[in-house]
Amino acid sequence: MDRGSIKKWLKAPGKMGQKYSFWVVYFCTGCGIIEIPPTITSRWDAERFGVIPVATPRQANLFLITGYVSVKTLRAIIRTYEQMPDPKYTVGFGSCPINGGMYWDSYNTIKHLDKYIPVDGWIAGCMPRPESIFIAVTHLWTMIDKGMATGYIKYREKYKNYRKNQEEALGKLEWPPLYPVGDKNE
Amino acid sequence: MQLITILVVSFLGAGIVYLTGKFSGRVRDISAVLVSLAVVILVGLAYNQKIYTNFYSLPFLNLSLSLRLNYLSWFFAIIVAGIGFLSILFSLEYIKDYQGVGFYYFMMLFVNAGMLGIVLSADFLSFYIFWEMMSWGTYLLISYKGGKAVAAGLKYIIMSVAGSLAMLFAIVSLYASYGTLKFSSLASLLQIASPGYILFLLLMFVVGFGVKNAIWTLHTWLPDAHAEAVSPFSAVLTGVLVRMGMYGFLLIMYSIVGLSLLHKLGYGLLNFNYILCWIGAITIVIPTFTALLQNDSKRLLAWHGIGQGGYMVLGIGVATSLGIAGGILHTLNYAVCGALLFFVVGAIEHRTGGVRDLNELGGLIKRMPVTFIAGLAGISGLIGVPLTNSFVSKWMIYKTLIMENYPFLAFAAFIGTWGTILSVYKFLHNIFLGQLPEKYKDVKEVPLTMQIPMILLSLAIILFGILPGIPLKVISGIEKSFGVEPLSTTMFGMPKEIGELNLINILAVLLVAGIVVYLIFSLSAKSRRVNQDDNYAAGLFVPRGKYQYSARFYDQAYRIIGPYLHDVVDDFYYWLVGKSKSSFQIVRQIYTGNINTYALYILLFLTLLIFVKLGWGL
Amino acid sequence: MIIKVISIIVLPLIALIIGFFFLGLSRKVIARIHRRYGPPISQPLIDVIKLINQESISHGKLFDMGVILSLAGSVILVLFIPFGGIAPLATSGDLLVIIYLMLLAPLGVALSGGEAANPNVSIGISRKMMLALGYEVPFLFSLLAVMTWYKTTSLVEVVKAQQSFLWAIFYLPLPAVAYFMILPAMLGIRPFDIVSAPQEIASGTAVEYGGRYLALTTIQHAFHIFIDIALFVNLFLGGGNLLTFFVKMLVVFLLGLFINAVFPRLRIDQAIKYCWKWPAILALVGLIIARII
Amino acid sequence: MNKLKKELKSSFKGIRTGILEDNRLAVSAPKDAVLPILSFLKNKGYEHLSLISCVDWIEEKELELVYVITSYLQKNDEYADNERLHILLKTRISRENPEFKTLVPIFKNAEPYERELHELFGINFEGNKRLTPLLLERAYKIPPFRKDFNTREYVKEKFDKISFVEEKKNERA
Amino acid sequence: MRELELYFGPQHLGMVGNFSITLKVEGDQILEAHANPGWLHRGFEKLMEYRTWIQNFPLVCRINVIEPDSMEMVYAMAVEKLAKIEVPERANYIRAIVLELSRLASHLFGCWAYANMLGFDTVAQWAMYHRDLILDLFEQLTGARVYHIYICPGGVRRDLPEGFKEKALNTLHTIGGCIPDYDATFFNNRLFYERAKGIGKITREEAKELGVTGQILRATGINFDIRKVEPYAVYDKVDFEIPTREDGDAYSRVWIIRDEMIQSVHTIMQCLEKIPEGEVYKRVPNPFKWNIPKGETYVRVESSRGELGLYMVSNGKDKPYRVHFRTPSYPHGLLVLEKLLKNASIADVGNIMISLYVTAPEIDR
């Protein structure tokens, strides 16, 4: 929690600003709807760390995917992720985005979220507790400091594979590719 | 000598244009532009000369038609000539595919000449002649498009004939009591007239000019006339032709009756000026909020025309030097903004095939940026955003209203401004902003001849907004001619003793603040250009074509204000027409068609005459 | 002359600092009402620093120019309002100019929002205009009451007149109460935050604003808070020197804040009806009194 | 309870009734008798259609439609005995071309249940105007809730084939 | 006329859970609303056919996140009916306590969602804070905050830890004590009355026609509550009354939630007093080879949003043959919501939806 050190602010205002004012777009699929409200309300106040829920992806820089991802939701998640401005971080919440979790054999949920959009951090647990969200936020701080939270750069470089995976899982996507994919049939 | 040349050039010009039109379109267009340009130059040259020529004396009524030029007439003449020239220039491309184009150009120049005649005439006879020329020319031009336009024209001509009859009645009574119709002589003769007679005269002239200037109870013809007339002509109609009523007000109230007499009319609060102010205030509020409910862009602008007319009447009604100057300046300002907005609507109509409905258009800024900038300048002029021209005139009107201790009138004017803001933003948003529909994908920008008038008028709005001194110098000349102590104005605002308005400071600070903010803006991280489909739609893809919020834009406000804004006056007139039709029905029964009933009528009439003669004899 | 130039530069900075302090304070106080700690007071500053470094999307030239116009409009407005002793431009524009300059900020946001071609934004803008129509009626009545009472339209003279004897709030209590009742509507906070209702129209006009656009809108919001409260203090509480002026502003802001923390959000037609009913009647009665005496 | 059983037996032929437990009456009826029975029950006061379900008896090659009907409360305070009674109306339809008449004219709230069964079991309810897709995002060859649709193979062949977006092991960006 | 299709879609701050409504809007009025669920569909009933009876036990509470215990209860009752197991008396009491506590927590969550939708943060935060106190109780009782996996077929997994009774009582006293604060700030608030009165009005016939249960039905005047109609657990030994209202609009629905919260506090206190001694869990034969005799059953429970039913068929093997949950939000979300949103105003979409207490995972299962 080096929010107070003026020296760091002057050296890297961009990094510090990213760290201490996460504007979250939370996608409350499945279990997320029950653990996010306690974190942003009185008991576990997330606003202490500058984490505020925000309405549209345009304003956000942290994308919290809470709970299992069904095929129809994946389309909305990719759409929201591509609409977020660039220094953006994603955190998978619960064991279902990691490897399918409780619904590993369901025909309608995707198993590894990492194949479709880059994910910087995971929170394990089937319904993780609000404290684990804060641990994830603090880990994200250290990753930003060390420059490891580079999901969005990976997305830009390897967009071709991501786009192929997405189309393989979802069939045709209505919106044009974000970055020039450059293959013939486009 | 010069005034006659102006009139001759404009009238003959109209004839020449019509004749050249017979054999080749190109020549006709060029000659029309040249004629209107010539008129502008001639009027511009005759700047501050005082000329009085009487050019024709009637043999029988020992009256003579005479022309004169002073600051007031020059001020209106230059507006008429300027707007006339620009609308001719605009309609070159606009009218190309209409039929009867030669007739259109002839009528436009003819109406312009009529207006010049009104402004330059020095006595009531020539004033009335040119007035009638203008009214009938306007009737023909309004019903130029046919269909609904004929009904609108009919409505217009009935009301303006009624107005001019009232005016004729007053002119005849003037001639009967004083034998002369010259303005200067009448001014001196009326000083000794009884207040009751002056009040009667003023009332008649107010009705005559009120119909033309569309004050509240006499305004019902204007929305239909503007909506149905051809766009370039409705620009002239709203900018200049309707302001002839304002010229008439100024002529009667200040140059002929004079300020001192006006204050003696009526007792205490109920004097003529105060009632005129209240009529002006109502004319501001009600039409501006009815404009909020309109869905047709031309009708919306027409209602604004009436609303802004209310400001002018309010300015003049207050009868202080600042108020009169504000009223006159607002006439110029609205002439510029109103004409510009009608040109913008004309450009949109030209490009989208005659679509005027605000619920059909959208997103045209991507295809027609110049028209958008002109529209933006027009609406900020109409609202009175600081650094635009009508801000200065509105500021003067508010200042006098507050200083003269009329807070409720000032409130009516302020609420009128807010009504303008709402409805005018809806106008801009529904046409230019939002999603571009499929069918307007390949709409191109309007050709150059339509862009020049728009750009010129936008520059005029900004110029007069920053340097109001230019028009105000002429207006102080006008006030000297009225005998009111003139307004001492600096080039860019008001001096200390009148109030604090220093537009150059506001401009400088705005520029500095704008530059500083732009620096902050460009220093921060770059932004990626995105088209209209890459939009937030709650995680889904944007439904093409179905993602524009423009139908019933201020829905909740409509529900609250709507029921009160039903046009009561219009219904009253239609009720009147209905009643008179049924009564004329009864009268028509007399003509039964066979001869003996007519013989019977003659017989009865004769007996009546004899009987009256006998009665008289006793 | 130099003092004037310095004060032109210094006043916007003071306004910015006070505006940010009020923003941070409001989030802290509301958090304390919610039984939680809430962000540090400097959180708005951190947010703006982050937003400046964050990329964003733009929908075209007007999309950028509109935001710049709205912030520039607010910066100018600050210069016209005397703050304590400093009143740089108060002599070249009076209360009428202030009323008209208040128009630039919403117009700028409306133009740039319209360009964003998103129905949520258009609904937000139409709500902002209707709300403005709603609260303008009492606002104008109270301003006219002050102007007719002191027979002047210049703010500096109104403040000077209040120095000599009692504040205007004792002579014109009703317009002052009316102005205070519509203060949340002018600031766009809780009972009237219909314009940026995140739950109904996904934060209204700011739907498509990304990094630097949001930074400019936050700064504009900070200036806007400063302007409205400074105008209230100047009109009714006779702004004294720097310190007393700031204390008065703080008191007014905290009172407004406590009210807005315990109210749900109104629908737009209820808001208009509310603004036209009680505050308008109070201000009208105040105006009639000021007019007669 | 058995008063109702006797009434049903008398008015409709070809139905078998059995009692599951204290107040659940199972009635199985041929295909065409279902709608008249349901309107008969509705007039008797059982107007709450709790559920329309479908059981896939794959050995007998039949789909079994189950209608669970009960009644709302007639009077506010005390509960008459027939309030607790549930009737499970069952009928068998063939598995190859599952056809059935819609229930919306009698019970308006049957529409979403029929949409779901249409999507998950492939039963075509003619007369239901809104058989648009409700839950699934794509069309499956075999309707997913049928017994012969093995969800584990589907997952293996659909999702596990998509490869990870490999990062080169050495370059730890 | 440029028509507008506004999405109140999956990623929307006003949407609790993933559920999308397509609104056809003109001006400020909604002409037509189409609910399109399916964002959280994971084929739950299909998965249960691949797992044995005991393996389904931890899975079943994950259908709906807001009130997991009623799911466990309905599954346990169904299995006990099919396998004819008798549940000891003390287990019934503990089950009633857990059900009422989870109903209280779910109602407080409803208050958070509703107050948040009206833009009323203060009450939302307080409601969430009190809900957390109840979750601490659950943590002490079952070891987990939300998914408790506590009511298993044959009784309850563990007995009450000591000191639980006192801790529960003082938590209930704090919540009971805060009800007047809620009344002062929210329930008797004039603006809440303005915003909610007459919104989303449904008459008694329409409610019956659309198969509505729970507090929406009770708001129209019928006091249909399964805890009274078919008492399960110990609801016949505990006296509590059912709050009902007359005019069936959002205002009366939210008021019913408030009254039900008070009722659940009383029932929990009575249960804590009357709880008898005895063992808690009836030993079930070897869970891996436990074949339930062939048969079918339909069981229903009163969850916080309405009638939660379970139709289960077993064909004598160790895995359930067919499972079908009748969730209360299914008719509310698809039929009632579309009917009430017709010509409502845009600002009231969230207001109506949360007053109907529609939760997305229940509709898609």
Side-chain angles (χ1 to χ4, degrees), chain B residues 363 365-366 376 380 383-386 391 395 398-399 402-403 405 407 410-411 414-415 418-419 421-422 425 428-429 432-435 493 499-502 505-506 509-510 513-514 516-518 520-521 524-530 532 534-536 538 547-550 553-554 556-557 559-560, chain C residues 8 52-60 62 64 68 71-72 75-76 79 89 91-94 96-97 99-101 103-104 107 110 114-120 122-123 125-126 129-130 132-133 136-137 140-141 144 147-148 153-154 202 207-208 210-212 215-216 268-269 272-273 287 291:
Chain B
I365 182 173
K366 301 176 178 63
L376 184 62
S380 47
I383 299 171
V385 170
F391 168 69
W395 183 84
Y398 292 137
K399 184 82 179 174
I402 291 168
M403 283 305 137
N405 218 336
F411 174 74
F414 273 121
I415 280 300
W418 270 97
I421 294 165
L422 263 84
Y425 180 75
L428 196 78
H429 174 273
F432 289 104
L433 305 174
Q435 296 261 343
E500 291 91 355
L501 184 63
N502 189 334
N505 284 10
I506 299 179
V509 161
L510 185 65
V516 165
V517 169
Y518 185 74
I520 301 171
F521 184 78
S524 41
K526 293 294 155 282
S527 62
R528 167 169 61 94
R529 180 79 171 76
V530 145
Q532 70 178 4
D534 185 349
N535 231 318
Y536 167 77
Y547 210 50
Q548 159 85 340
Y549 175 78
S550 61
F553 196 68
Y554 300 110
Q556 297 293 11
R559 290 218 196 96
I560 297 171
Chain C
I8 284 181
I52 283 179
N53 295 299
Q54 194 174 12
E55 285 179 18
S56 56
I57 54 105
S58 132
H59 280 273
L62 182 69
D64 321 340
I68 294 171
L71 184 55
V75 165
I76 301 161
L79 297 175
L89 275 180
T91 55
S92 68
D94 55 3
L96 302 174
V97 174
I99 293 172
Y100 267 81
L101 276 177
L103 189 66
L104 271 182
L107 195 65
E115 173 75 7
N118 191 314
N120 290 326
S122 310
I123 296 170
I125 296 165
S126 79
M129 295 281 185
M130 283 192 273
L133 187 69
E136 278 300 326
V137 169
L140 290 173
F141 275 136
L144 286 171
M147 281 196 259
T148 44
T153 61
S154 118
V207 163
E208 285 296 306
R212 53 184 177 179
L216 294 187
I268 182 69
D269 50 342
I272 296 177
K273 286 202 186 88
L287 178 62
R291 172 75 174 72

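Letters A, B, ... are given to chains in the order of the sequence lines, protein chains preceding strands, and every chain is numbered from 1. Values below: every heavy atom of this structure, side chains too, minus hydrogens, waters and symmetry copies.
Only the backbone of C:A116 comes within contact range of chain B, with at least one heavy atom under 4.5 Å from a heavy atom of that chain. Both the backbone and the side chain of B:L510 come within contact range of chain C, each with at least one heavy atom under 4.5 Å from a heavy atom of that chain. Looking at C:A110, both its backbone and its side chain come within 4.5 Å of chain B, counting heavy atoms on both sides. Residue B:I383 touches chain C through both its backbone and its side chain, counting heavy-atom pairs closer than 4.5 Å. Interface remark: C:D94 contributes backbone and side-chain atoms alike to the contact with chain B (heavy atom separation under 4.5 Å). Of the atoms belonging to C:I52, heavy atoms from both backbone and side chain fall under 4.5 Å from chain B. Contact of C:L79 with chain B is made through the side chain alone, with heavy-atom distances under 4.5 Å. Proximity to chain B (any heavy atom under 4.5 Å) is restricted, for C:L104, to the side chain, taken from C-beta onward. For C:I123, the parts sitting under 4.5 Å from any heavy atom of chain B are the backbone and the side chain alike. Using a 4.5 Å cut-off between heavy atoms, C:L103 contacts chain B through its side chain alone, with no backbone atom that close. The contact between B:F391 and chain C is made entirely by side chain atoms (from C-beta outward), counting heavy-atom distances below 4.5 Å. Of the atoms belonging to C:N120, it is side-chain heavy atoms, and not backbone ones, that fall under 4.5 Å from chain B. Residue contact with chain B, scored on non-hydrogen atoms closer than 4.5 Å, involves the side chain of C:E208 exclusively. Contact of C:I57 with chain B is made through backbone and side chain together, with heavy-atom distances under 4.5 Å.
Contacts with chain C were tallied for B:A538, B:G514, B:G434; B:G434 has the most, counting heavy-atom pairs under 4.5 Å. Ranked by non-hydrogen atom pairs under 4.5 Å with chain B, the options C:V97, C:N53, C:I272, C:V207 are led by C:V97. Of the residues considered (B:M403, B:R559, B:Q548, B:Q532), B:M403 shows the highest number of contacts with chain C, using heavy-atom pairs under 4.5 Å. Chain C forms the most heavy-atom pairs under 4.5 Å with one residue out of B:P386, B:G363, B:A410, and that residue is B:P386. Most heavy-atom pairs under 4.5 Å with chain C, from the set B:Y536, B:Y518, B:F414, B:F411: that is B:F411. Chosen from B:I560, B:L433, B:N535, the residue pairing most often with chain C at heavy-atom distances under 4.5 Å is B:N535. When B:G419, B:S550, B:S380, B:P407 are compared by the number of non-hydrogen pairs under 4.5 Å with chain C, B:P407 comes out ahead. Between chain B and the residues C:S58, C:A72, C:G114, the largest count of heavy-atom pairs under 4.5 Å involves C:S58. Note on C:L140, C:L107, C:L216: by heavy-atom pairs under 4.5 Å with chain B, the leading option is C:L140.
A distance of 13.0 Å separates CG of C:N118 from OH of B:Y549, quoted to the nearest 0.5 Å. If you take CD1 on B:I421 and CD on C:E136, they are separated by 7.5 Å, rounding to the nearest 0.5 Å. Atom-to-atom distance recorded for B:I402:CD1 and C:T148:OG1 is 8.5 Å, nearest 0.5 angstrom. Distance check, rounded to the nearest 0.5 Å: CD1 of C:I8 to CG of B:N505 gives 7.5 Å. To the nearest 0.5 Å, the span separating CE on C:M129 from OH on B:Y425 amounts to 6.0 Å. Distance check, rounded to the nearest 0.5 Å: CG of C:L62 to CD1 of B:I365 gives 4.5 Å.
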Stepwise side chain to side chain contact (heavy atoms under 4.5 Å, CB included) check, B:Y398 with C:T153: CA-CA 10 Å; B:Y398 292 137; C:T153 61; over 6 Å; no
Go through it in stages, so that I can follow the logic: the residues are C:V137 and B:W418, the test is side chain to side chain contact (heavy atoms under 4.5 Å, CB included), and I'd like the CA-CA distance, side-chain angles, deciding distance and then a yes or no. CA-CA 10 Å; C:V137 169; B:W418 270 97; over 6 Å; no
Could you walk me through whether B:V516 and C:V75 pass the side chain to side chain contact (heavy atoms under 4.5 Å, CB included) check? CA-CA 10 Å; B:V516 165; C:V75 165; over 6 Å; no
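Here the shortest heavy-atom pairing between B:K399 and C:L96 reads N-CD1, 4.0 Å. Shown here for C:Y100 and B:G384, the closest heavy-atom pair between the two residues is CD2-O, 3.0 Å. Between C:R212 and B:F521, the shortest heavy-atom distance links the atoms NH1-O, 2.8 Å. Summarising the geometry of C:S122 relative to B:H429, their closest heavy-atom pair is OG-NE2, 3.1 Å, with the distance given to 0.1 Å. Between C:M130 and B:Q556, the shortest heavy-atom contact is SD-CB, 3.9 Å.
A donor-acceptor contact shorter than 3.5 Å links the side chain of B:Q435 to the backbone of C:A117.
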